[in-house]
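When a ligand or atom number is given, it counts from 1 through the structure's own listing order. All residue numbers refer to positions in the sequence shown, counting from 1.
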Amino acid sequence: MKRYLMTPGPVPVPDEVSLAEARPLIGHRGADFSALFTRIEDKLSRLLRSSGKTVIFPSSGTGALESLAVNFTGPDTKVVSVSCGVFGDRFREITALTGAVMVNVDVTPGEAAAPETAAKAVAENPDASVLLLTQNETSTGVFNRIDEIISALPKNRPLVLVDGVSSVGAMPCFPEAWGIDGLAAASQKGLLTPPGLGLVWLSERGWDAVSKRKRSSYYFDLIRQKKDLDKEAPENPYTPPVSLYFALDAALDAVCSEGWFALRARAARSLAAGIEALGFELLVKDEKYRSPGVTAFSHPSGCTSETAKALKALGVEPAGGQGRFKGRLIRMSHYHDVRWPEISLALGSLYAALGERRSGAGDFMKRAFEVWEESR
Ligand SMILES: *Cc1c(COP(=O)(O)O)cnc(C)c1O
């Protein structure tokens with residue numbers, strides 16, 4: 001049976017990406033690899049609208065977060081952490097392990113981090129030198145407006161480190177224009193590449209801050225990475241996963257294509273309209289903060305986990321809830337090239353999976369299609 005992967009990482013990758021990954025290997029010390037690396041860096045600069053370079057680690061997103069934490073923080077650092085859920089909590093835990101003094105601010109799960117909330121916490125802790133934020137909280141499907149949050153901060157603000165693991169590639173993330181100082185991303189979500197690459201981008205202010213700190217990690221040392229990245233023919237200090245570089249190079253052509261972010265948001269809106277018309281409740285109530293990459297929902301009758309099981313039996317594979325939402329949410333991802341055929345497949349399968357409860361379903365296909373057409 002064909003399986004339709006709809007988990008928020010890994011996500012289905014385009015055929016061109018799989019084919020690129022299967023290419024015969026090349027050595028990682030040589031002109032061919034440097035040319036590939038340079039091409040990837042150029043495409044990432046276009047995607048992030050930045051002039052700076054991006055360090056690429058052979059790790060998942062958590063490794064990229066750890067690299068930010070170990071390079072920016074230590075026992076001498078006070079850190080304000082604003083968390084909207086499981087992944088905000090993880091960034092906080094990783095940072096606390098460096099010995100940093102943590103000030104924790106918890107946002108109600110399903111809600112976005114309000115600019116005032118972050119601004120207040122920063123104003124109350126003028127000695128904090130780092131602020132941790134999550135752009136897209138994958139456990140709830142909340143899309144935080146990082147640009148609005150940073151704009152609300154006091155002028156003399158801390159360095160802002162952002163978990164962009166499930167946002168980069170699928171939604172606008174312009175670190176230089178917005179004032180982000182450290183950004184972590186990963187290959188297997190918005191970047192439409194198999195798992196295995198952790199990406200880290202720093203602002204000039206970020207590089208400056210990191211260069212003044214004592215090294216506390218060998219493998220995740222950003223300064224060591226930058227030295228090789230800045231060479232005329234860029235390379236890696238240690239062996240990179242070359243096949244994943246081939247894949248990322250191909251995937252960046254898709255995510256850098258005209259209208260990609262708008263298409264993701266359009267799919268999210270249409271799918272959400274259909275899901276509501278089927279009788280489900282969306283976790284994120286305010287449309288402005290709904291993720292263009294992943295939608296979380298439950299059924300008021302309490303049949304959410306049964307529905308998820310029935311969906312899997314049909315061949316459609318979403319993710320369940322995490323943390324406090326374990327067994328109480330379905331999370332469906334739409335990072336990949338989801339258009340009307342994929343939306344109708346997901347909604348039609350949800351209808352079938354609802355079983356007895358499907359009698360409460362409205363005209364879900366019509367509603368979803370109206371929104372699909374409206375937001376063209
Ligand atoms: C997936 C995810 C992570 C963790 O990434 P891994 O690649 O599983 O290590 C961190 N933050 C967010 C927001 C994520 O969605």
Side-chain angles (χ1 to χ4, degrees), residues 5-13 54-70 81-97 106-107 109-113 131-146 149 160-173 175 180 182-201 219-220 241 244 247-248 251 255 264 268 283-284 289-296 317-323 325-326 329-336:
L5 186 63
M6 295 196 83
T7 54
V11 306
V13 307
T54 305
V55 171
I56 305 179
F57 287 111
S59 79
S60 74
T62 304
L65 293 175
E66 178 138 1
S67 136
L68 286 180
V70 298
S81 149
V82 179
S83 171
C84 296
V86 170
F87 291 105
D89 290 355
R90 183 183 296 183
F91 199 7
R92 171 184 293 176
E93 280 165 35
I94 295 170
T95 307
L97 278 182
D106 294 311
V107 177
E111 287 177 20
L131 169 66
L132 307 180
L133 299 171
T134 311
Q135 188 177 10
N136 186 82
E137 176 51 66
T138 324
S139 66
T140 58
V142 154
F143 173 30
N144 282 313
R145 300 306 174 116
I146 300 294
I149 295 174
V160 179
L161 306 184
V162 175
D163 176 346
V165 171
S166 65
S167 56
V168 170
M171 51 207 91
C173 182
I180 294 174
L183 175 71
S187 52
Q188 80 277 19
K189 298 178 187 181
L191 289 172
L192 305 184
T193 301
L197 297 177
L199 291 78
V200 176
W201 177 96
Y219 198 70
F220 284 116
L244 288 175
L248 180 61
V255 299
R264 298 281 51 77
L283 178 62
V284 182
Y289 300 110
R290 282 186 199 144
S291 168
V294 57
T295 299
E317 197 177 330
Q322 293 171 293
F325 293 115
K326 204 165 169 53
L329 273 184
I330 294 176
R331 292 177 304 136
M332 227 174 216
S333 102
H334 27 89
Y335 285 100
H336 57 298

Atoms of ligand 1 close to T138 [distance to a heavy atom under 4.0 angstrom, numbered from 1]
12 (C), 13 (C), 14 (C), 15 (O)
Does N144 reach the main-chain N or O of A113 with its side chain, forming a donor-acceptor pair under 3.5 Å?
yes
Under 3.5 Å between some N or O of ligand 1 and some N or O of G61?
yes
Per-residue contact class, K189 against ligand 1 - non-hydrogen pairs under 4.0 Å
side chain
Report the C-alpha separation of L192 and V11 in whole Å, then their side-chain angles, then the decisive distance to 0.1 Å, and conclude whether the side-chain contact (heavy atoms from CB on, under 4.5 Å) test is met.
CA-CA 6 Å; L192 305 184; V11 306; 3.8 Å; yes
Test side chain to side chain contact (heavy atoms under 4.5 Å, CB included) applied to V13 - qualifying residues, sequence neighbours left out
V17, S18, P194
Nearest non-hydrogen protein atom, atom 8 (O) of ligand 1:
Q188 NE2, 4.0 Å
Going by distance only, is there an N or O of D163 that falls short of 3.5 Å from an N or O of ligand 1?
yes
Enter the distance from M6:CE to M332:CE here, rounded to the nearest 0.5 Å.
5.0 Å
Please determine if N136 has a nitrogen or oxygen closer than 3.5 Å to a nitrogen or oxygen of ligand 1.
no
Can you sort out which atoms of ligand 1 are near S166, meaning under 4.0 Å from one of its heavy atoms?
13 (C), 15 (O)
Should you measure from each heavy atom of T62, which atoms of ligand 1 turn up under 4.0 Å away?
4 (C), 5 (O), 6 (P), 9 (O)
Under 4.0 Å from a heavy atom of S60: give me the atoms of ligand 1 that qualify, with their elements.
6 (P), 7 (O), 9 (O)
Distance to 0.1 Å, residue and atom name: give those for the protein heavy atom nearest to atom 10 (C) of ligand 1.
F87 CD2, 3.3 Å
Just by distance, do the side chain of S291 and the backbone of G141 share a donor-acceptor pair under 3.5 Å?
no
With S187 via side chain to side chain contact (heavy atoms under 4.5 Å, CB included) - residues at least two apart:
T193, L197
Can you tell me how far apart OH (Y289) and CZ (R145) are? Round to the nearest 0.5 Å.
7.0 Å
Check this for me, if you would: do D163 and R92 make a salt bridge, where the nitrogen-to-carboxylate-oxygen distance has to be below 4.0 angstrom?
no
So, regarding E137 and ligand 1 (criterion: nitrogen or oxygen to nitrogen or oxygen, under 3.5 Å), is there a contact or not?
no
